[in-house]
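So that the names make sense, note that chain A is the first sequence line, chain B the second, and so on, each numbered from 1.
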Protein chains: 2
Amino acid sequence: MAREDQRQSIAEIVADRAKVSRAAVSRAFNPKAPLRADKRELVLRIAEEMNYVPNMAGRALATQRSHLVGVIVPHVCSPWESLEIDALTTALQDRGFATLLFKTRIDRSLDPKLLSYMRAYNPDSVVVFTENVPPDQLHRAFDQAVPVYVDYPNEATDPGPLPESGMHRFDCLRVLQRDGIEQAVALLSGFGRRRFAYLAGNPKAQANTARLRTLQQVLAARGLPPAAVVEGDFSYQRGHDAIIELFRGGPGAEAVFAANDVSAFGALDALRHALGLRVPEEVSVVGFDDIDQAAWRSYDLTTIKIDVEERVAALVRLILQRLQNRAAPPLVETIRTKLVVRSTVA
Amino acid sequence: MAREDQRQSIAEIVADRAKVSRAAVSRAFNPKAPLRADKRELVLRIAEEMNYVPNMAGRALATQRSHLVGVIVPHVCSPWESLEIDALTTALQDRGFATLLFKTRIDRSLDPKLLSYMRAYNPDSVVVFTENVPPDQLHRAFDQAVPVYVDYPNEATDPGPLPESGMHRFDCLRVLQRDGIEQAVALLSGFGRRRFAYLAGNPKAQANTARLRTLQQVLAARGLPPAAVVEGDFSYQRGHDAIIELFRGGPGAEAVFAANDVSAFGALDALRHALGLRVPEEVSVVGFDDIDQAAWRSYDLTTIKIDVEERVAALVRLILQRLQNRAAPPLVETIRTKLVVRSTVA
DNA sequence: TTGTATGCGTTATCAC
DNA sequence: GTGATAACGCATACAA
């Protein structure tokens, strides 16, 4: 009857059908925007029928909030990281944020090109699993988004999350390794183990250096000799080969700490199948992380657990609090490790 | 000197410093837009200095291309899926697309709410790893984005990718199971195995039903008795327990096909540690996927491999070709499986 | 409450 | 090749 308009957007059609303005449609989707309840209901119903949802790009432009959280990882397919991505995605999704996934190249270093590539999407926040990128660099790259930094403090010297100490200029998640390591060393020590080895992870990864540092501190505190260190890279294969080198080339060890569970599996298989040693009778093995595979019967690995859910919950708190108040002082969350005892220690 | 403008955007500042128009800055970042080479270079240099990159939200609005690819998975942390997400993210990133990750709830079914949630981000394409969602529903949900459907055809009846057959109304990746299964059955048959069992995955997953169907067809073609089927869900634990039920409650089997590698590991551990049977001497085990863990020494699993790189390359071809030509007839890519022989078969 | 008008950052169209 | 200008889809300040 009336003349057709040039070309209507879906949102406008929804508005027309509900006999409201385009603005009302927008408000209907924003729970705290003022709109009469029945109108909101009507608009939402019609929108549903027409399969209309507000476009995030438009919304991002108007509100300066992309509802995107950038996540940068070296390997999605590493078990621990996939576990964390899984939990993080779920938690963010529940809160209306989508996960934007990026992968670093070969090594764990962060290509500046990747950063600006990511910047283009204007994520509201950024989580970087690559541990060797200085937080300053991150903050320089993301003037808008607020990166969350994972910190592995030296627990022997770092006083902890005291804002006065001036050490924490950025939001960070502090991962404390000591508890689990102390428990593991106590257990091994109780079984009479004295000669320790540390199967390292990627030397650039802070998780690796923090674990080694803490282990040596804990051993020293007990008057035990320092652990022999063998180079590794967090991988199964390297863990496997490194342990063979360690035991073929020298006196071996009575207890092996691996920098993560996956390399602990490599160590276990090397000890049992390549070297013909019995675990735990002849050699004890302890891992880090407690990924699903650690409970598999063929490994049944005693390991120092980081609770993924706890860790992700802390990350999400950091992200959301910062988003709520851009100007707040640096936030700190702290998580701890604990020993999970299975059958690779005796 | 001259009066300051109200408030300049970063892009405008870049334009000013390069003494060009705002439009020229935009063109500088679009390689095929017309712009004198030296101007382009100058703009890019200044932009680099000022840490400016074009905003994707704005670009998406103007071009109707978000450069986002939505990926929906049930579990990020399942080894096979994390492998695929990893490869897909890398491939897409290289081509200027970012991966937008979403997770389905508990079961593998697709919440319609998740679909519209995702629609809001206007992904250019959508890859759904959840296999029990009918492609029609997907196409209805994404009028703009073009979902890629993973198809597991019945290889005994489906003539293949003939457009004339009218069966393929949507772009799809056809995964053919037969080759690897035929090879595995030939090998097992050559070792004298006759009593087969199939440790199922999630009954709703097409990967599961296709593997079972094909296995039975291959066995029948050789005149072998059909495989006994035990219920499973792709998990280690269920694989472990199901095998115990199978062997405690009846005659067991001479060869076990597991619907995926992870449940094959559960089966292996159950056979060896809970049932005290020798693998491969007393029971042979074959998995599906060939994830990294299949090569680990404690399992060393003979498995039917799907090449991730090949699969992802095919997916990316589908996505990019469709984006290049929205109106093209349905695209089909086909990949096959092949047997990887390790030590769980004899 | 509601509608109108404007701006968010970008690209495309159109003149030059 | 280049610069002005009008969209793109949304949220909001402001006026009603």
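For DNA chain D, the outermost nucleotides in 5' to 3' order that have an atom under 4.0 Å from a heavy atom of chain A are dG9(D) to dA13(D).
Contact check on Arg174(B) versus Glu333(B) returns no salt bridge, with no Lys/Arg side-chain nitrogen under 4.0 Å from an Asp/Glu carboxylate oxygen. Using a cutoff of 4.0 Å between basic side-chain nitrogens and carboxylate oxygens, Arg45(B) and Glu41(B) are not scored as salt-bridged.
Between the CD atom of Glu12(A) and the P atom of dT4(C) there is a distance of 12 Å, given to the nearest Å.
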>> Please evaluate residues Gln93(B) and Thr99(B) with respect to the criterion side chain to side chain contact (heavy atoms under 4.5 Å, CB included), reporting the C-alpha separation (whole Å), side-chain torsions for both, the decisive distance (0.1 Å), and the verdict.
In response: CA-CA 8 Å; Gln93(B) 197 168 300; Thr99(B) 304; over 6 Å; no
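Shown here is Glu49(A), whose CD atom has more than 12 heavy atoms of other residues, nucleotides or ligands within 6.0 Å. Open room surrounds CD on Glu48(A); 12 or fewer heavy atoms of other groups in view lie less than 6.0 Å from it. When the shell of 6.0 Å around CD of Glu12(B) is examined, it contains more than 12 heavy atoms from other residues, nucleotides or ligands.
Only at 4.0 angstrom or more do the heavy atoms of residues 33-40 of chain B sit from any atom of DNA chain C, so none qualifies.
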Distances for protein N/O vs nucleotides 8-11 of chain C N/O pairs under 3.5 angstrom?
{"unit_1": "dC8(C)", "atom_1": "O2", "unit_2": "Ala62(A)", "atom_2": "N", "d": "3.4"}
{"unit_1": "dG9(C)", "atom_1": "N2", "unit_2": "Gly58(B)", "atom_2": "O", "d": "3.3"}
{"unit_1": "dT10(C)", "atom_1": "OP1", "unit_2": "Tyr52(B)", "atom_2": "OH", "d": "3.0"}
{"unit_1": "dT10(C)", "atom_1": "OP1", "unit_2": "Asn55(B)", "atom_2": "N", "d": "2.5"}
{"unit_1": "dT10(C)", "atom_1": "OP2", "unit_2": "Arg22(B)", "atom_2": "NH2", "d": "2.9"}
{"unit_1": "dT10(C)", "atom_1": "OP2", "unit_2": "Tyr52(B)", "atom_2": "OH", "d": "3.2"}
{"unit_1": "dT10(C)", "atom_1": "O5'", "unit_2": "Arg22(B)", "atom_2": "NH2", "d": "3.3"}
{"unit_1": "dT11(C)", "atom_1": "OP1", "unit_2": "Arg59(B)", "atom_2": "NE", "d": "2.9"}
{"unit_1": "dT11(C)", "atom_1": "OP1", "unit_2": "Arg59(B)", "atom_2": "NH2", "d": "2.9"}
{"unit_1": "dT11(C)", "atom_1": "OP2", "unit_2": "Ser26(B)", "atom_2": "OG", "d": "2.2"}
{"unit_1": "dT11(C)", "atom_1": "O5'", "unit_2": "Ser26(B)", "atom_2": "OG", "d": "3.3"}

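Residues that satisfy the side chain to side chain donor-acceptor pair (under 3.5 Å) test with Arg65(A), not counting sequence neighbours, are absent from this structure.
Summarising the geometry, atom CG belonging to Asn122(B) is positioned 12.5 Å from atom NE2 belonging to His67(B); distances are rounded to the nearest 0.5 Å.
The six-membered or imidazole ring of Phe29(A) lies near that of Tyr52(A), with a centre-to-centre distance under 6.0 Å.
Residue pairs meeting the salt bridge (Lys or Arg N to Asp or Glu O under 4.0 Å) criterion with at least one member in residues 21-37 of chain B, sequence neighbours excluded, are Arg36(B)-Asp38(B).
Rotation axes derived from the C1' atoms of the five outermost pairs at either end of the helix from dT1(C)-dA16(D) to dC16(C)-dG1(D) lie 40° apart, to the nearest 10°.
The aromatic rings of Tyr121(A) and Phe102(A) sit tilted relative to each other, their planes meeting at an angle between 30° and 60°.
The two residues Asp86(A) and Lys103(B) come nearest to each other via the heavy atoms OD1-NZ, 2.5 Å.
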